[in-house]
Each structure stands twice: as structure tokens, then as C-alpha cells.
Amino acid sequence: MKSYNYFCSTQIQMGMGKTKQLPEMLQSLEIGSSILIVSDPGVVRTGLVAPIKTALEASGYRTLLFDSIKQNPRDTDCLAGAEIFRDFDADAVVAIGGGSAMDTGKTIALCGPNGGTPTDYADGLRSYTNIAPIICIPTTAGTGSEVTRSAVITEESTHRKMTLKHASLRPILAVLDPSLTFSVPSTVTAATGVDALVHAIEGYTCKVTNPISQALGSKAMQTIVSALPTAFRDGQNEEARQEMLEGSLLAGLCFGSADVAAIHCLAEALGGLYDTPHGVANAVFLPHVLRFNAEENKQMHATLARYMKFANDLDTEEMAVEKLIEGITSFTEALEIPKLKDLPGVRKEDFPRIVELAVQNNSTASNVRPITSTDYLQILEQAYL
């Protein structure tokens, strides 16, 4: 019999306007009075951060904003934030934004009190101890980082995407307020939404999955495929925005105690080399990796097709798998996801380097079907057509 464990220590607060209750939530957690707020320039410009910062200060908290974060955050960003954390004598980190802000916030909460570099932790040279309390407030429905034990950081000198992973990196509090997602552009809504869908699919199918992750993943797939087209077309739709936050949350809980797999390995390689938005990169490879994996796992992928209502119970496994690939392809096209060949900077001459980075990714071993360098190269060539 297979053994497994499932753990999530994060308190989850979901609901419209929940961020207005943040000071009271923090007071109940007794995390200290000095808060480093971590966000990115785009989120700050939307005006979402200022009211939260003002409310905290009005409740007696001492705050400082760090927003020097790039898309696909670099280790250098995290180190700059860690130095500010120490200089400010911060007690905790409140991360407001998408995956870049939340993953940077986690890494600052790790490196700030303890020193060292993200590489030290990713490569096992330092222990994950004495991590400052982390509170995450997502402004996109995508990464699920508000409930995961991971932070993905780019090593600037090598373009390697490093995954810092430890149970202590889980935020102590996640506040999910759909109103913060209303201003997200449709292109970002689409990309982050597909990112969440990939989390659910890979968390469900990967070699280290478990029944709890699969239960969460199946619900996440159903929710995201149903809600994302509406959120994409109508960003002010409260029901769709809340459903997408819930779908992203469920997907994070799915893969957060399992793993991702080959789609993410390729996507992270692309992001490291070209700074491609992570959700876009995932969407580009999704149908092609699904086809590769389904060749040896027809029953599992037929089940996925039925969860997402691309197929029904009367379809044979072969028919359901074909409907899955066709359905996912049409789904991403309707969301106006670009093709691999149309992404800025992507060149066929770089395929060997993309393959090299994908193979080096620890999650390659978790893919439901064993995948080699040759397989990765074939998938890249198919995606480039």
C-alpha cells in the first residue's frame, strides 16, 4: 500500500473585503509590530497596497514597503529585500501581489533573519530554520503560493530557476479577497488562470501525488475551466473572480503537498532564459506534454477529460484523451495565449539549453511518464510549429 502525508499549516481567510480585517488578524497571530510589506511596482501602481499599509499603521504597526521586484524574481531582488528586512528590524513579512511578490516575500523571510543566499538553501547548504512569519495576500488567481511550501527564484548569473522548498516556508496566513483581482488585465487573468490549471493537473498526475491532493486537484480543474473564461471576458464579475481565487487555492493545496512536473520544468526553463511570464509558458506546453503523458496513461488522462467536461462517461479512453487535448488547445486559444514561436526572444537555436535546464529541474523526476532529453526536445519542436 502507498504511504503518504498531507500537511498545510496556513490559516485561510476568503471573502470580499477580507483585507480590511488584516490588522485584527495580525493582532490575533501576535507576530510583532514591525512589518515589511513586499509587493511589485505594478501592484503598487494599482493602489491596492496603500490602503493596506495605511490600515496597518493606523492600528499601531510600523511598516516599510519593498517593491523592487521583477517578473520571475531574481536572487538579487531577494538579497536586497533581505538586507532591508534586517536594517528595518522587521518581525514579519506581508506579501501582496502575484507569485513574484509572494515567492520573494517567502525568500526574504528566510534569508532576512538567517543570512545566506537563495542558492544556499536551494542547494542544501543551509537549513530552513528561524523563518519570519509570512502573510500572503494574492492579487492574481494563479500561483497558489499563499498556501505552498515553495518559492521559485531565478539565479540571475546562470538563469537557473531554483525551487526553495520546506514546510516552514508555508505562510501562516493567506487572505484571499476577490476585490483585489478586479483590476487584473485580461491577459494576466488568462495566464495566471492557466498556471493554476497546470498546478491542478500536475499535482493530480505526478508520481508523488496522493488521494488528498487528487481530491483537491479534481475540484480545482472543474472550477477553473468553468470560471476562467468568464473572468477573462469580464474582470468585474465577482462570482467568477471568487471562483478563480478558490480554484487557484485548491490547485495550490493540490500540488503543495505533491509536486509539479514536466510542463513546469519546460516553463521554468523558458522563464529563466527569456523572462517569459510563467503562466504563458505553462499554457504553451500544456497540450503537448499532456499528449506525451497520455500515451502511457490513457485511463488517468481520460479521467481528467471528464473532470473538465471535455469528455463524458460514454466516451472510450482513446476518445476522451483526444477530446482532452483538443479541449485544452481550444481553451488556451480562446484565452488568446500566444504560440511558442511568437514569444519574445525564443529561438530554436536555444532548444538544447532549454532542454538542459528542464532536465536539471528536480520536478522532472515527478512526471507521471519518464521523460528524457530527447522527449523534451520533441515537445519543444511540436510546440514551435
Decide yes or no for [X] and [Y]: does some side-chain heavy atom of the first lie under 4.5 Å from some side-chain heavy atom of the second?
| X | Y | answer |
| --- | --- | --- |
| L228 | V194 | yes |
| L176 | P138 | yes |
| E146 | T10 | no |
| T276 | V284 | no |
| L304 | I201 | yes |

Let me confirm one number: the [atom1]-[atom2] distance from [X] to [Y], rounded to the nearest 0.5 Å.
| X | Y | atom1 | atom2 | result |
| --- | --- | --- | --- | --- |
| S366 | F255 | OG | CZ | 12.0 Å |
| N297 | R369 | CG | CZ | 8.0 Å |
| L26 | L173 | CG | CG | 7.0 Å |

Please determine if [X] and [Y] form a salt bridge, counting it only when a charged side-chain N lies under 4.0 Å from a carboxylate O.
| X | Y | result |
| --- | --- | --- |
| K339 | E333 | yes |
| E57 | K53 | yes |
| R347 | D350 | yes |
| K323 | E318 | no |

Can you see whether [X] engages [Y] through a side-chain donor-acceptor pair at a distance of less than 3.5 angstrom?
| X | Y | answer |
| --- | --- | --- |
| T329 | R291 | no |
| T189 | R241 | yes |
| K309 | S226 | no |
| T117 | D120 | yes |

Crowding at [atom1], [X] (>12 non-hydrogen neighbours, <6.0 Å):
| X | atom1 | value |
| --- | --- | --- |
| K18 | NZ | yes |
| E83 | CD | no |
| N362 | CG | no |

Residue pairs, two or more places apart or on separate chains, that pass ring pair (Phe, Tyr, Trp, His ring centres under 6.0 Å) and touch residues 162-192: Y128-H166
Any pair counted as ring pair (Phe, Tyr, Trp, His ring centres under 6.0 Å), so long as it reaches residues 28-66, sequence neighbours left out: none
Give every donor-acceptor pair under 3.5 Å between a side-chain atom in residues 85-95 and any protein atom, sequence neighbours left out.
| residue | atom | partner | partner atom | Å |
| --- | --- | --- | --- | --- |
| R86 | NH1 | C111 | O | 3.1 |
| R86 | NH1 | G112 | O | 3.2 |
| D91 | OD2 | S33 | N | 3.0 |
| D91 | OD2 | S34 | N | 2.9 |

Between [X] (side chain) and [Y] (backbone), is there a donor-acceptor pair under 3.5 Å?
| X | Y | result |
| --- | --- | --- |
| Q214 | Y204 | yes |
| S248 | L245 | no |
| T104 | A101 | no |
| E202 | A261 | yes |
| T158 | R160 | yes |
| R170 | F7 | yes |
| H159 | G272 | yes |
| Y6 | P211 | no |
| E155 | D75 | no |

For a quick test of your reading: what N or O donor-acceptor pairs under 3.5 Å do the side chains of residues 373-385 make, sequence neighbours left out?
| residue | atom | partner | partner atom | Å |
| --- | --- | --- | --- | --- |
| D375 | OD2 | T372 | N | 2.9 |
| D375 | OD2 | T372 | OG1 | 3.0 |
| Y376 | OH | T364 | OG1 | 2.8 |

Shortest non-hydrogen contact from L164 toward P118: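 Where L164 meets P118 most closely, the heavy atoms are CD1-O, 4.0 Å.
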Over all atoms of both residues, closest heavy-atom pair of A190 and L335: CB-O, 3.7 Å
Identified side chain to side chain donor-acceptor pair (under 3.5 Å) partner of N72 from the options D77, T154, D275, D103: D275
Plane angle bin for H264 and H199 - parallel if under 30°, tilted between 30 and 60°, otherwise perpendicular: parallel
Test side chain to side chain contact (heavy atoms under 4.5 Å, CB included) applied to T187 - qualifying residues, sequence neighbours left out: P185
Nonpolar side-chain network containing V152, other nodes, edges under 4.5 Å: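 None; V152 is a cluster of one.
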